[in-house]
Number of protein chains: 2
Amino acid sequence: MARAATTADAFNAVAEPRRREILDALTQGERPVNELVDLLGLAQPHVSRHLRVLREVGAVVVRDEGRQRLYRLNPQALKPIHDWVASYQHLWEERFDLLEDVLEDLKEEH
Amino acid sequence: MARAATTADAFNAVAEPRRREILDALTQGERPVNELVDLLGLAQPHVSRHLRVLREVGAVVVRDEGRQRLYRLNPQALKPIHDWVASYQHLWEERFDLLEDVLEDLKEEH
DNA sequence: CCAATGCATATCCATATGGGTATATAATCG
DNA sequence: CGATTATATACCCATATGGATATGCATTGG
């Protein structure tokens, strides 16, 4: 078995930096493909394929407008990722709490 | 160019479900390889290689203990992922508000 | 010191990637 | 209707994946 398809889930889709760039660009609002091509400095077919992947995992939705296709962000698709990492957040934040506790103790000793 | 290496960054490393399982298991604390093998039901060489990937992106750290190697979670490595998705969080939380606005508009048009 | 235990590494294979380039399709303009 | 614009798809290629299996290398126990 090879590596999971990039379209397998949001985790795989978003592992590609260019696709994150596309999503980042779409936070500003709906955009046609050509605008993304300019923004990313990638070849058009390449952008189209990245968009396909993002569409397949539900991270973006398309809308036809004349001969353009407007892509829009669908942020919900990223929620599973957020939920997963969020469960680790307290683990790296604990260090600060510990530090604070120590500082608190030091202050009280004064 | 092929897909980015799984060891390229935390995003790629964590795109593999088995590796997320390993990290999840390590939230309970340090574990030797064999324990992870049992927990995941994977072949030992396979687990070792997943651990290598996780080590290379800094998501875990190893410690030698006799003839065992104890792996420990290094949650900080996941922070970049958290930071990235977190910037999208308000977008999916806003949707409900937007939906309400649209419904409100539709009602008024009647 | 030799056998056993615990891991890591090497090799083989099928697969899908992302890049490039060429081409197909759809819509609009003159 | 033909030409142009905007996208999508089809190929070709090099690469690295994840699974399987075999083997190498330490450390420990008898």
Side-chain angles (χ1 to χ4, degrees), chain A residues 1-23 25-26 29-73, chain B residues 1-23 25-26 29-73:
Chain A
M1 200 184 275
R3 209 203 296 202
T6 55
T7 53
D9 54 38
F11 283 94
N12 280 281
V14 149
E16 166 64 31
R18 300 328 192 85
R19 287 196 282 266
R20 289 201 298 279
E21 282 184 50
I22 290 179
L23 294 180
L26 293 180
E30 220 174 29
R31 287 184 194 280
V33 179
N34 259 343
E35 220 171 297
L36 294 169
V37 169
D38 291 345
L39 280 169
L40 300 195
L42 281 182
Q44 173 268 312
H46 206 186
V47 172
S48 282
R49 272 199 322 180
H50 280 318
L51 286 168
R52 185 162 177 38
V53 172
L54 292 173
R55 234 185 324 160
E56 291 194 28
V57 300
V60 299
V61 285
V62 214
R63 177 167 78 83
D64 282 29
E65 175 92 9
R67 50 184 165 184
Q68 291 190 316
R69 307 204 79 193
L70 299 177
Y71 281 84
R72 183 165 49 81
L73 191 64
Chain B
M1 199 184 274
R3 210 202 295 204
T6 55
T7 54
D9 54 37
F11 283 95
N12 279 282
V14 149
E16 166 65 33
R18 303 325 192 99
R19 286 195 282 265
R20 289 201 298 279
E21 283 184 51
I22 290 179
L23 294 179
L26 292 180
E30 219 175 28
R31 287 182 193 284
V33 178
N34 259 343
E35 220 170 296
L36 294 169
V37 170
D38 291 344
L39 280 169
L40 301 195
L42 282 182
Q44 174 267 312
H46 205 186
V47 172
S48 281
R49 272 200 322 177
H50 280 317
L51 285 168
R52 186 163 178 34
V53 172
L54 291 172
R55 233 187 323 160
E56 291 194 27
V57 300
V60 300
V61 286
V62 215
R63 177 168 78 83
D64 282 30
E65 174 92 12
R67 50 184 164 181
Q68 291 190 315
R69 308 203 76 192
L70 300 176
Y71 281 85
R72 182 165 50 81
L73 191 64

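Computed from a predicted structure; not experimentally measured. Just so it is clear: chains get the letters A, B, ... in the order the sequence lines come, proteins before strands, and each one is counted from 1.
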Could you tell me how far apart Asn12(B) (CG) and dT15(D) (P) are, to the nearest whole angstrom?
18 Å
By nearest-heavy-atom nucleotide on DNA chain D, the more 5' of Pro32(A) and Ala2(B) is Pro32(A)
Under 3.5 Å, is there an N or O donor on one side and an acceptor on the other linking the side chain of Gln44(A) and the base of dA8(D)?
yes
When all nucleic acid strands are considered with a 4.0 Å heavy-atom cut-off, which category describes Pro45(B): base, sugar-phosphate, or nothing?
base
Closer to the 5' end of DNA chain C via nearest nucleotide, is it Asp64(A) or Arg49(A)?
Arg49(A)
Gap between atom CD1 of Ile22(B) and atom CG of Leu40(B) - 0.5 Å precision:
5.0 Å
In whole Å, what is the span from the OH atom of Tyr71(A) to the P atom of dA6(D)?
15 Å
In whole angstroms, how far is the C1' atom of dT7(D) from the CG atom of Leu51(A)?
10 Å
Value for OG1 (Thr6(B)) from CZ (Arg3(A)), rounded to nearest 0.5 Å, stands at 5.5 Å
Can you list every side chain to side chain donor-acceptor pair (under 3.5 Å) pair that touches residues 57-67 of chain B, not counting sequence neighbours?
Glu30(B)-Arg63(B), Arg63(B)-Glu65(B), Asp64(B)-Arg69(B)
Rounded to whole Å, please give me the gap between CG in Leu70(B) and P in dA26(D).
19 Å
Can a side chain N or O of Asn34(A) be found less than 4.0 Å away from OP1 or OP2 on dT7(D)?
yes
Distance col, row Glu21(A):CD vs Glu16(A):CD, nearest 0.5 angstrom, shows 9.0 Å
Out of dT21(C), dG18(D), dC7(C), whichever nucleotide has its closest atom nearest the side chain of Ala43(A):
dT21(C)
Arg18(A) CZ to dG20(C) C1': how many Å, rounded?
14 Å
Over how many whole Å does the gap from Arg67(B) atom CZ to dA8(C) atom P extend?
15 Å
With a non-hydrogen cut-off below 4.0 angstrom, is Thr6(B) in contact with a base, only sugar-phosphate, or nothing?
sugar-phosphate
Arg69(A) atom CZ is separated from dT28(C) atom P, nearest whole Å, by 13 Å
When rounded to whole Å, the NE2 to P distance for the pair His50(A) and dG18(C) reads 6 Å
So, taking the atom named CG in Asp9(B) and the one named CG in Asn12(B), what distance separates them when rounded to the nearest 0.5 Å?
4.5 Å
Need to verify one output field. Residue with the more 5' nearest nucleotide on DNA chain D, Arg55(A) or Gly66(B)?
Arg55(A)
Closest to side chain of Arg3(A), choosing from dG6(C), dA8(D), dT17(D)
dT17(D)
